[in-house]
Number of protein chains: 2
Amino acid sequence: MKVTTKDLIVQTASDLFYKNGYNLTGINEIIATAGIAKATLYSHFKSKEDLCVAYLHSKDEALLEAIREFCSNKSAGDTRLIAVLEFLVQFFKSGDFNGCWCIRTFSEIPRDNKIIKAQIKKGKTKLLNYIKLLVKENKPKLTKKQQIQLANRIYLLYEGAVSESHLQNESWPIQENIEILKELLD
Amino acid sequence: MKVTTKDLIVQTASDLFYKNGYNLTGINEIIATAGIAKATLYSHFKSKEDLCVAYLHSKDEALLEAIREFCSNKSAGDTRLIAVLEFLVQFFKSGDFNGCWCIRTFSEIPRDNKIIKAQIKKGKTKLLNYIKLLVKENKPKLTKKQQIQLANRIYLLYEGAVSESHLQNESWPIQENIEILKELLD
DNA sequence: AACCATAGACAGACTTGTCTGTTTTTTATT
DNA sequence: AATAAAAAACAGACAAGTCTGTCTATGGTT
């Protein structure tokens with residue numbers, strides 16, 4: 001499996017954007033880290049904004065895949081729903097954790113940047129849809145309305161846990177939101 | 001009550017920082033909006049970072065005062081605890097709402113900026129302490145441990161609601177977290 | 001020879017922060 | 001109350017650096 005130059009660029013940019021922030025990461029830093037020329041980068045992406053969209057997309061895809069795998073290894077039922085939050089425990093511990101790329105990027109762009117905002121929305125919708133699917137599969141007895149509400153709640157607890165554990169640099173927000181979810185499921 | 005130049009600077013910078021972001025707001029824009037000279041600004045604040053700390057402090061103080069007043073007008077008991085989240089409903093509607101300045105600023109600064117991070121932590125601790133006080137007053141029958149846990153949960157639901165209603169640009173995260181809190185209080 | 005990717009110069013537009021010198025406002029003393 | 005002294009704010013040029021994105025020229029591979 002060959003790593004294309006484009007993938008290398010996205011990977012490098014993603015790592016730097018996520019670690020140090022979008023605005024604080026310059027194009028020159030990206031090309032230096034990737035070991036490519038500037039012209040090469042601009043032959044694959046027409047602008048930094050373009051690269052940002054690819055970064056968000058890449059991160060979202062990888063996350064969803066990781067959650068999917070994590071949850072599928074848990075036994076069906078409530079356990080699998082709680083696993084969505086428990087996934088964050090290991091993510092937080094991994095050392096790579098640096099909060100939500102969506103919220104962080106959202107904080108860095110101008111208000112009127114619709115392109116990046118659209119990509120962010122897309123990623124969040126995908127996550128929410130996955131949770132909805134999980135709820136449907138593991139809480140089949142609930143009404144559709146109840147399923148949607150539960151999915152929204154899991155999503156909110158997930159997002160809150162990410163945001164706050166990042167800000168506090170502590171894992172208790174994740175643990176506490178897991179406890180909240182457990183109580184809600186009773 | 002005279003408005004000092006220093007207050008004018010903080011007010012102007014706060015509005016711009018909060019509206020458009022810290023990095024996207026230049027010193028020149030601040031002085032032009034405030035109608036002051038650059039030397040005047042730098043006679044009151046030794047750097048933009050200094051101004052950022054004042055911005056965070058100012059916002060935190062104003063918020064806590066607003067929440068305090070909002071909650072004190074509600075009847076004691078569970079209602080007053082729920083009011084912490086209900087405060088966000090009107091805040092969101094106000095039009096000034098643009099998410100949490102702490103998280104947004106946190107996303108914009110370098111990882112090693114301890115000064116700004118310390119100020120952010122300070123503000124969040126103050127908010128959490130206020131909630132702890134509220135819980136103590138309105139849930140006197142709970143054990144100390146239970147009080148702290150409840151305060152942490154209200155804080156988490158509050159923060160999650162702020163973060164997600166901002167990202168989604170919708171108020172349902174606030175409403176849903178209010179519902180979660182109500183269930184937890186039962 | 002044709003084609004890429006490289007290195008890096010460059011333009012143009014930003015940024016923060018310093019500095020000079022003038023003007024206004026406030027405070028203190030007579 | 002009038003005048004002198006001190007403090008504060010003014011305008012704006014300027015340095016030194018950042019950034020993105022374009023372009024030229026060099027080198028290596030097929």
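- Judged as a side chain to side chain donor-acceptor pair (under 3.5 Å), and not counting sequence neighbours, the contacts of Gln168(B) are Tyr155(A), Glu164(B).
- His44(A) comes within 4.0 angstrom of no nucleic acid atom, judged by non-hydrogen atoms across all strands.
- Within the structure, side-chain hydrogen bond (donor to acceptor under 3.5 Å, both in side chains) contacts touching residues 59-75 of chain A (residues at least two apart or in different chains) are Asp60(A)-Trp101(A), Glu61(A)-Lys126(A).
- Read 5' to 3', the first and last nucleotides of DNA chain D with an atom closer than 4.0 Å to a heavy atom of chain B are dA9(D) to dA11(D).
- Taking Phe97(A) as the reference, Phe91(A), Phe92(A) meet the ring-ring contact (aromatic ring centres under 6.0 Å, His included) condition, with sequence neighbours excluded.
- Spacing between atom CZ of Phe45(B) and atom C1' of dT18(C) amounts to 18 Å, rounded to whole angstrom units.
- With sequence neighbours excluded, the residues forming a side chain to side chain donor-acceptor pair (under 3.5 Å) with Glu170(B) are Trp172(B), listed by chain and number.
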Under 3.5 Å, N/O pairs linking protein and nucleotides 13-16 of chain C:
unit_1: dT16(C); atom_1: OP1; unit_2: Ile27(B); atom_2: N; d: 3.3
unit_1: dT16(C); atom_1: OP1; unit_2: Lys48(B); atom_2: NZ; d: 2.9
unit_1: dT16(C); atom_1: OP2; unit_2: Ile27(B); atom_2: N; d: 2.8

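- With sequence neighbours excluded, no residue forms a ring-ring contact (aromatic ring centres under 6.0 Å, His included) with Phe45(A).
- The NZ atom of Lys121(A) sits 7.5 Å away from the CG atom of Leu167(B) when rounded to the nearest 0.5 Å.
- Phosphate proximity of dA5(C) to Ser43(A): absent, as no side-chain N or O sits under 4.0 Å from OP1 or OP2.
- Applying the ring-ring contact (aromatic ring centres under 6.0 Å, His included) criterion to Tyr22(B), with sequence neighbours excluded, gives Phe17(B).
- Rounded to whole Å, the distance from CG on Leu41(A) to P on dT6(C) is 10 Å.
- Annotation: ring-ring contact (aromatic ring centres under 6.0 Å, His included) contacts of Phe106(A) (sequence neighbours excluded): His166(B).
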